[in-house]
Amino acid sequence: MVKIENIRKTFKKGTIDEKVAIDGLSLDIPDGDFITVIGSNGAGKTTLLNLISGTYTPDEGEIYIDSLQVTRLPEYRRAKYLGRIFQDPLMGTAASMTIEENLAMADLRGMHRGFKWGVSKGRRDYYREILRKLDLGLENRLKDAVSLLSGGQRQSLTLLMATLSLPHLLLLDEHSAALDPKTAQRVMELTEQIINENSLTTIMVTHNMQQAIKYGNRMIMLHKGNIQFDISGEEKTSLTVEEVVKKFGAELKDETLLS
Amino acid sequence: MSLEQGLVYGLVALGIVIAFRILSFPDLTVDGSFPLGGAVAARLIIEGVPPIYCIAAAVLSGFAAGCCTGLLNTKLKINSLLAGILMMTVLYSVNLRIMGRSNIQLLTVDTILTPLENLDINRFIPIICLFFLIAFAVKFLTDIFLHTQVGLAMRATGDNEQMIRTLGVNTDTTTILGLGISNAFVALSGALVAQDQGFADIGMGIGMIVAGLASIIIGETIVGLKTVQRKTLAAIVGSVIYKLIISVGLRMGLAPTDLKMATGIMVILALGIPALKKEKQGKLHLRGV
């Protein structure tokens, strides 16, 4: 259960460039919800994720994860509850390190790190097993540096790393947007499969309306830093792109949304 | 001669590898922590402390100096280059204070090398063996450390800081610890060099970073830098070859006063040629520069 209460975030306060990014937003996320988030550029989608993950601290309001107040906890201290994937495939992995080393680091998300061997023998078999499920041949390349992988392979690995320790909340920030259509499709299928298998609570920001409608059980649209609409269940399943455009065309000027 | 020096200066290169290559942190503390190690060891030796404790104290002092640079950068948000320069400058006074003067002679006192020098063979052979053992012991310990849980987190801090932070690692801590270890190695080298050459001098650290970088670049060209083991090996191999090149240069008539300029030009060429060839990536990738 994640609870966001009336958060507000203004950038460059008191300057001529002042920008209210999040404007008194509240959101309750029950366990198991898979929320897709849409909104035009500058609506506050990424800022919302950054506030939840602790990259930024809100000016006002509170954020709770499982009734624990995390509003002002530094990023690394709330990491244990969160998994996150960025749009840029380069951001989620350490390129100079091997596949198994990257997985081993993710395995210890939010836990104490000591002077034990980084990649343990027992876990190595497990990594091989989950990599096999990706069906990308990575299970035979455990000792290859991640820099040798393609964008799609890296993003798939990031997906495994983000979900390895079953986070309370998974944050996906347009994580398939930088991939070619076919790879993006594959990564989305994997994402859905992993989310469903583990009933992970998820927030997925996307620029792609079709994706926002197709995936998840709930969809919210952000506009000027607040929630414009929030639909779920039956209403969401029957939604079409045309309907959303008709209703909110004015706010959705961003052409990429309709692609 | 150059083999013995190459091995002991290899520890400096190893320290620079940890800062520059593992943490991607351009740490300039080295020019101050090298004489710091020499100063601490020399002062304690002439005070009558057993040499092995003197070396331990030197290592600790280097560790502390590195941690200070890390603290300046992470907690006070001072730019990495400036943090190193500040510590280097501060250490100049600290080193003078420790030594009480600008130079301490060690020729007449017992050092860690005295038992080896009293052997009935050429002085260089046992010293080369000792320095070889120390350099490679430190290298292997570094390799092991960088494959532990903490070591992985440290390498990730230099590779992708944002990513490892989202995995719950306090990158301030890994940065501070890494710089501490790096400068501990440098100070160890300083302590050994002082005993080997028979004196500690306030100016012994000048140009140490540039010489270390030259060594690393030479080493990586030969050994490669794909794995941690290669990066650390490159430091030692590169340092030995660098010293060899220098001694050949001196024998061929290079003026000792031009040594640092020659080294500087070597590094400039190594770093600059990729840029002239318009290659995307230069030889060094660094954070916060």
Side-chain angles (χ1 to χ4, degrees), chain A residues 49-50 52-55 73-86 88-98 100-120 123 143-148 154 157-158 161-162 164-165 167 170-171 173, chain B residues 17-18 20-25 74-75 77 140-178 180-181 220 224-232 234 280-281 283-287:
Chain A
L49 295 196
N50 280 333
I52 296 173
S53 69
T55 314
L73 276 188
E75 203 172 5
Y76 72 90
R77 294 215 16 221
R78 57 177 103 176
K80 138 165 77 161
Y81 310 105
L82 301 169
R84 183 167 187 185
I85 310 181
F86 300 92
D88 182 353
L90 305 182
M91 277 180 80
T93 45
S96 67
M97 300 172 71
T98 63
E100 62 175 15
E101 283 171 341
N102 273 278
L103 284 165
M105 290 191 289
D107 221 355
L108 290 176
R109 175 191 301 280
M111 296 203 292
H112 173 76
R113 286 161 209 261
F115 294 99
K116 283 191 205 135
W117 217 240
V119 185
S120 65
R123 293 304 279 175
K143 292 195 192 297
D144 274 9
V146 169
S147 58
L148 300 172
R154 278 181 83 155
L157 177 62
T158 310
M161 289 167 62
L164 192 57
S165 55
L170 178 64
L171 302 172
D173 192 354
Chain B
V17 162
I18 293 180
F20 279 69
R21 281 286 185 237
I22 303 297
L23 281 174
S24 312
F25 190 108
T74 56
K75 303 299 178 192
K77 310 286 175 213
F140 284 122
L141 283 176
T142 307
D143 291 347
I144 291 171
F145 169 71
L146 289 175
H147 285 93
T148 62
Q149 295 170 345
V150 178
L152 292 188
M154 189 176 286
R155 286 160 61 199
T157 304
D159 185 304
N160 190 340
E161 195 175 1
Q162 167 68 35
M163 165 258 180
I164 193 67
R165 226 186 280 134
T166 65
L167 292 178
V169 169
N170 183 347
T171 51
D172 288 359
T173 310
T174 49
T175 302
I176 295 166
L177 179 67
I181 294 172
E220 285 174 351
L225 72 174
K226 282 239 166 79
T227 62
V228 169
Q229 291 88 326
R230 276 172 190 264
K231 282 181 195 163
T232 52
K280 254 194 199 155
Q281 239 180 337
K283 283 258 177 192
L284 285 173
H285 141 83
L286 298 170
R287 288 187 287 161

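Residue numbers start from 1 in every chain, and the chains themselves are labelled A, B, ... in the order their sequence lines are given, proteins ahead of strands.
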- Taking atom NZ of A:K116 as the centre, report whether more than 12 heavy atoms of other residues, nucleotides or ligands fall under 6.0 Å from it. no
- Task: Take atom CZ of B:R230 as the centre, draw a 6.0 Å sphere, and report whether it contains more than 12 heavy atoms from other residues, nucleotides or ligands.
- Result: no
Nearest 0.5 Å, please: how far is [atom2] in [Y] from [atom1] in [X]?
X      : Y      : atom1 : atom2 : answer
A:K143 : B:T227 : NZ    : OG1   : 11.5 Å
A:T93  : B:D159 : OG1   : CG    : 8.0 Å
B:Q162 : A:R84  : CD    : CZ    : 7.0 Å
B:N160 : A:M105 : CG    : CE    : 8.5 Å

- Query: Is any side-chain heavy atom of A:N102 less than 4.5 Å from a side-chain heavy atom of B:M163?
  - Reply: yes
- Task: Check whether any side-chain heavy atom of B:Q149 sits under 4.5 Å from a side-chain heavy atom of A:H112, and report yes or no.
- Result: no
- Query: Minimum heavy-atom separation for A:Y76 to B:V169, with atom names?
  - Reply: CB-O, 3.4 Å
- Message: So which atom in B:T166 and which in A:A79 form the shortest heavy-atom distance, rounded to 0.1 Å?
- Response: O-CB, 3.2 Å
- Query: Top residue by heavy-atom pair count (under 4.5 Å) with chain B, among A:S96, A:G110, A:G114?
  - Reply: A:G114
- Query: For chain B, which of A:G118, A:S147, A:A145 has the most heavy-atom pairs under 4.5 Å?
  - Reply: A:G118
- Query: Applying the side-chain contact (heavy atoms from CB on, under 4.5 Å) test to A:R113, which of B:L152, B:L167, B:T173, B:N170 qualifies?
  - Reply: B:L167
- Query: Is it the backbone or the side chain of B:I144 that comes under 4.5 Å from a heavy atom of chain A, or both, or neither?
  - Reply: both
